[in-house]
Amino acid sequence: MEPTTIVLFGATGDLAKRKIYPALYNLYVEGKLPEPFSLIGLGRRDWSDGRFKDAVAQSLEEFSRRKAQDAGKLQSFLDAFRYSVLDIGREEDYQRLLSLVEKREEELRMPPNRLFYLSVGPEYFEPIAANIQKSGLGSANGWKRLVIEKPFGHDLRSARELNKKLSKSFTEEEIFRIDHYLGKPMVQRLESLQQGNPVIQALWDNRYIANVQITASETVGVEERAGYYDHVGAVRDMFQNHMLQLLMMTAIHVPHDSSAETVRFKKKGIMEALELVQKEDVHASVVRGQYAAGAIGGKPVPGYTSEPGVMPGSQNDTFIAAKLMIDNNLWRGVPFYIRTGKRMKEKSTRIVVEFKEPVKQALAANEDGTSPNLLVIEIGPNEGFKLQINAKEPGRDGRFKPIQIELQPNEADAPEAYENLIYDALRGDSTFFAHWDEVEMSWQWVQPVLDAFEENLVPLYPYEAGSYGPAAADELLARDGYRWWSGDNLDAQSSAGLDGKSAPPSESNTKSMENEGELYAYHANH
Ligand SMILES: NC(=O)C1=CN([C@@H]2O[C@H](COP(=O)(O)OP(=O)(O)OC[C@H]3O[C@@H](n4cnc5c(N)ncnc54)[C@H](OP(=O)(O)O)[C@@H]3O)[C@@H](O)[C@H]2O)C=CC1
Ligand SMILES: O=C1O[C@H](COP(=O)(O)O)[C@@H](O)[C@H](O)[C@H]1O
């Protein structure tokens with residue numbers, strides 16, 4: 001990896017403290033930072049280098065998965081940090097910044113490779129990019145990269161405008177748009193799941209797959225972010241970016257020698273084939289909801305409109321479910337169901353691939369008891385792959401029952417999304433970043449939905465906090481003969497490991513499974 005200077009705008013902010021410094025430290029400990037590397041933190045606060053280093057050390061104490069126990073290591077990590085006061089709109093501050101960057105490059109004898117990380121509000125992306133160019137910071141004899149946080153635009157028009165402005169100072173190859181879902185270890189493993197397993201690759205199309213379900217449910221509400229969230233809703237906050245990226249990553253077929261360009265090309269192909277919905281038809285394939293009062297983990301919680309900072313009578317969506325169709329030879333006829341929401345029953349990001357059930361028709365009534373074969377990809381907070389198949393056990397009158405096999409268990413101490421993403425940006429690998437084509441086409445799909453919401457062409461259903469969302473979202477699947485797979489009907493604990501041993505289910509789980517009458521605990525030595 002080439003020696004690099006990271007110029008961090010927003011160095012005094014929340015994201016830097018919670019995600020960026022812990023990620024950098026973990027990379028440092030693992031020997032995955034450039035040697036040498038230098039970081040210049042920026043903000044309006046009048047901090048000294050010492051005050052800045054203390055804040056970084058404090059953030060590691062609070063947020064790093066790896067506590068800084070080795071004082072020597074921490075000190076040498078912090079040696080790379082400097083701070084400069086900068087007001088984004090003040091041109092002279094960029095000249096001071098340039099002098100500091102050059103001075104450090106000289107001290108460390110490093111080439112002027114500069115990674116500008118914009119951990120600031122989106123209204124600042126464009127002026128910063130322009131000032132980097134104007135000041136000469138971006139025209140040194142090394143490479144330059146721009147890492148930007150979400151949100152990338154508020155709608156299709158504003159996203160296009162922003163991109164046009166950024167492209168005056170940075171080429172597409174130099175822009176790294178962060179979507180932290182693409183940094184999640186399980187999302188990064190989706191490729192290798194296909195590449196390493198011809199069995200899965202062979203099944204990955206409309207001949208064998210009945211539907212795909214992508215869920216990101218959260219138990220938290222709007223928290224302290226009403227000022228932002230009440231203007232964006234679940235559709236902009238999660239659906240336009242993270243959820244559509246998960247759809248693309250699931251639907252692409254990646255060859256063995258996949259490069260960033262191949263992945264980008266394949267993802268673009270999926271978005272081009274995604275059937276667009278007219279504003280007037282949105283109500284037929286999209287469900288929007290807003291949480292009402294309820295209970296999370298047994299504790300009562302208020303409804304969305306009673307949350308601090310939310311506009312009285314707000315019609316903002318805190319839940320969205322949608323059915324999307326990909327019109328190409330591989331996926332024609334396979335619905336992709338997506339849902340995401342706040343204040344739902346479980347915190348879980350999960351992809352469930354439901355396979356077709358030809359076996360069902362061939363079974364005599366006394367043999368049935370089958371459930372569809374499922375491939376469950378747990379993205380977070382648990383991680384792993386599970387396969388649900390049907391098996392017969394002695395003593396069940398010849399009936400089948402579904403069992404779940406854990407293919408890859410939760411990995412302790414897995415890197416966090418930001419570690420993966422910062423590492424890739426430092427190496428110049430853009431595979432797991434959102435490229436402009438994808439971002440633009442995501443907004444193109446979402447725009448009629450935004451318009452339909454704006455004009456109230458889609459009902460806003462209340463759902464009880466602590467539930468799986470409004471009943472209308474269940475009906476969306478029921479119309480096609482399917483149902484959502486969730487924590488309630490997927491038993492996380494009834495998995496048999498590759499060694500054939502099984503984890504005994506907890507009593508409560510066994511009970512809920514018996515009640516469900518569908519999924520049973522698997523006892524390998526039964
Ligand atoms: N926090 C999070 O968990 C997440 C944040 N993001 C995105 O990351 C970005 C940053 O968010 P977050 O850290 O939460 O925001 P904060 O409000 O906590 O921090 C904003 C940062 O911007 C700096 N800043 C603001 N105005 C100026 C200015 N005029 N000149 C110079 N610096 C300025 C502030 O420095 P100072 O006050 O010293 O001037 C501060 O360091 C946003 O785009 C957000 O959407 C994305 C995902 C998650
Ligand atoms: O980008 C965002 O993501 C989080 C959820 O992320 P996760 O990694 O915990 O699944 C969400 O809470 C937030 O509203 C959104 O801005």
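As the structure is a computational prediction, the values presented were derived from the model and not from experiment. Each ligand, and each atom within it, is numbered from 1 in the order the structure gives. Positions are given from 1, in the same order as the sequence printed here.
Residues H180 and H242 bring their aromatic ring centres within 6.0 Å. Ring centers of F152 and W443: at least 6.0 Å apart, outside the cut-off. Remark: aromatic rings of F239 and W445 are close, center separation under 6.0 Å.
Comparing R225, R236, E223 by heavy-atom distance to atom 13 (C) of ligand 2, the nearest is R225. Closest heavy-atom approach to atom 30 (N) of ligand 1 within the set D46, I88, D179: this belongs to I88.
Here the CG-OH distance, from L24 to Y21, works out to 8.5 Å after rounding to the nearest 0.5 Å. One finds the OG atom of S217 at 4.5 Å from the CD atom of E346 (value rounded to the nearest 0.5 Å).
Looking from atom 18 (O) of ligand 1 to the surrounding protein, the closest heavy atom is D14 N, 2.9 Å. Protein heavy atom closest to atom 42 (C) of ligand 1, with residue, atom name and distance, is V120 O, 3.3 Å.
Distances from ligand 1 to the non-hydrogen atoms of W47 include no value under 4.0 Å. Residue contacts with ligand 2: Y181 is included, with a non-hydrogen atom under 4.0 Å away.
When non-hydrogen atoms are compared, ligand 1 lies under 4.0 Å from the backbone of L86 (N, CA, C, O) but not from its side chain.
With ligand atoms numbered from 1 in the order given, ligand 1 contributes 1 (N), 2 (C), 3 (O) to contacts under 4.0 Å with heavy atoms of R18. Listed by number with element, the atoms of ligand 1 under 4.0 angstrom from any heavy atom of K150 are 7 (C), 43 (O), 44 (C), 45 (O). Within ligand 1, the atoms closer than 4.0 Å to a non-hydrogen atom of T12 are 34 (C), 35 (O), 36 (P), 37 (O), 38 (O), 40 (C), 41 (O), numbered from 1 in the order shown.
At under 3.5 Å, a nitrogen or oxygen of K347, whether backbone or side chain, sits near a nitrogen or oxygen of ligand 2. At least one N/O-N/O distance between L15 and ligand 1 falls below 3.5 Å. Inclusion of H180 in the set of residues having an N or O under 3.5 Å from an N or O of ligand 2 is warranted.
In this structure, R145 contributes its side chain and F116 its backbone to no donor-acceptor pair below 3.5 Å.
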